[in-house]
Amino acid sequence: MSGIDEIASAIETGKIKLISDLVLEAVSSGDDPMEILNRGMIGAMRIIGDRFSRGEAFVPEMLISAKTMKKGVDTLKPFLSKGATSANGQVIVGTVSGDVHDIGKNLVAMMIESAGFEVIDLGIDVSAEQFMQAIQDNENVRIVALSTLLTTTMPAMRAIVAQINQLSCRNRFHIMVGGSPITEEFARQIGADGYAPDAASAVLLAQSFE
Ligand code: B12
């Protein structure tokens, strides 16, 4: 089994104690960190999600896979990102109210940070009020990025974007949205400025706003 396959298997089966060593071994044997992330880690989360859909895995399995992925991403982070600067301005990120999924949001934050933006991460289950307070507290905000993974919290995303769109300082920043149920069409309907399907294209979108 290749190093990347071992990483994928460790995430699928929640081998939290092994994951850091597997990631470090794969990096030192020359595997590309982006390939480790995309094929090894994100691929494994997709598989566990499909197993959940088929009733073959349950919330505890999703949770332990998520924890293993987080630990793996923490280990991989120094090889992926160049570290924070605020050269390109501030980006506020958060997962919308009612939703606690944060792995995708964290990856978007990490990649955007490594592209030279300062990230202000509001975490999960973030309300419209919290987003608006953060926008008001930070003068250099260029982008507000909202994530959701649940179809049931898409209305919350719509409501939050609608409230942010009422702010008098709305022309100071762009709004981008993402998460697996979100589409370009939905982003346009709710009044966001852009949508990206993954963390790498979120960076390109952020840069295109400049
Ligand atoms: C791990 C997981 C969990 C973990 C989350 C742990 C954590 N800390 O995040 C736990 C166990 C807590 C969980 C709970 C639940 N989950 Co869940 N979960 C998943 C799972 C398996 C993986 C998600 C993940 O991390 N993917 C990997 C990341 C990298 O991908 P991603 O999040 O899509 O992010 C990428 C893009 O979407 C994009 N992106 C994401 N955000 C943003 C933001 C912006 C601005 C941009 C531009 C791009 C962007 O870039 C990211 C990186 O490339 C998915 C299955 C799946 N296939 O997604 C189900 C899934 C999302 N969960 C699901 C469900 C139903 C639930 C529960 C309701 C289950 C329950 N009965 O309790 C609860 C809801 C809890 C809540 N209130 O939020 C369903 C949602 C179905 C639906 N259509 O709504 C899914 C799809 C599983 C399934 N196939 O049915 N879950």
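Remember, it's 1-based here, ligands and their atoms both numbered in the order they're listed.
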Starting from [atom], locate the nearest protein heavy atom and write down its residue, its atom name and how far away it is, to 0.1 Å.
{"atom": "atom 29 (C) of ligand 1", "result": "L107 CD1, 3.6 Å"}
{"atom": "atom 30 (O) of ligand 1", "result": "G104 CA, 4.4 Å"}
{"atom": "atom 9 (O) of ligand 1", "result": "D102 N, 2.8 Å"}
{"atom": "atom 27 (C) of ligand 1", "result": "M45 CB, 3.7 Å"}
{"atom": "atom 6 (C) of ligand 1", "result": "A66 CB, 3.6 Å"}
{"atom": "atom 78 (O) of ligand 1", "result": "V100 N, 2.8 Å"}

Below a 4.0 angstrom heavy-atom separation, can you tell me which part of [X], side chain or backbone, both or neither, approaches ligand 1?
{"X": "L146", "answer": "backbone"}
{"X": "D99", "answer": "both"}
{"X": "P197", "answer": "backbone"}
{"X": "L205", "answer": "neither"}
{"X": "A196", "answer": "both"}

Per-atom contacts of ligand 1 with [X], taking only distances under 4.0 Å to non-hydrogen atoms:
{"X": "A202", "value": "47 (C)"}
{"X": "S53", "value": "88 (C), 89 (N), 90 (O)"}
{"X": "I103", "value": "9 (O), 25 (O)"}
{"X": "D198", "value": "38 (C), 50 (O), 53 (O)"}
{"X": "G178", "value": "41 (N), 42 (C), 43 (C), 44 (C), 45 (C), 46 (C), 48 (C), 49 (C)"}

Is atom 86 (C) of ligand 1 less than 4.0 angstrom from at least one protein heavy atom? no
Check for me: within less than 2.8 Å of atom 17 (Co) of ligand 1, which protein N/O/S atoms show up? H101 NE2
Judged by modelled atom types alone, do S127 and Q130 share a side-chain donor-acceptor pair under 3.5 Å? yes
If you measure from atom 53 (O) of ligand 1 to every heavy atom of A199, G98, A206, which option wins on shortest distance? A199
Is S180 in contact with ligand 1, taking contact as a heavy-atom separation below 4.0 Å? yes
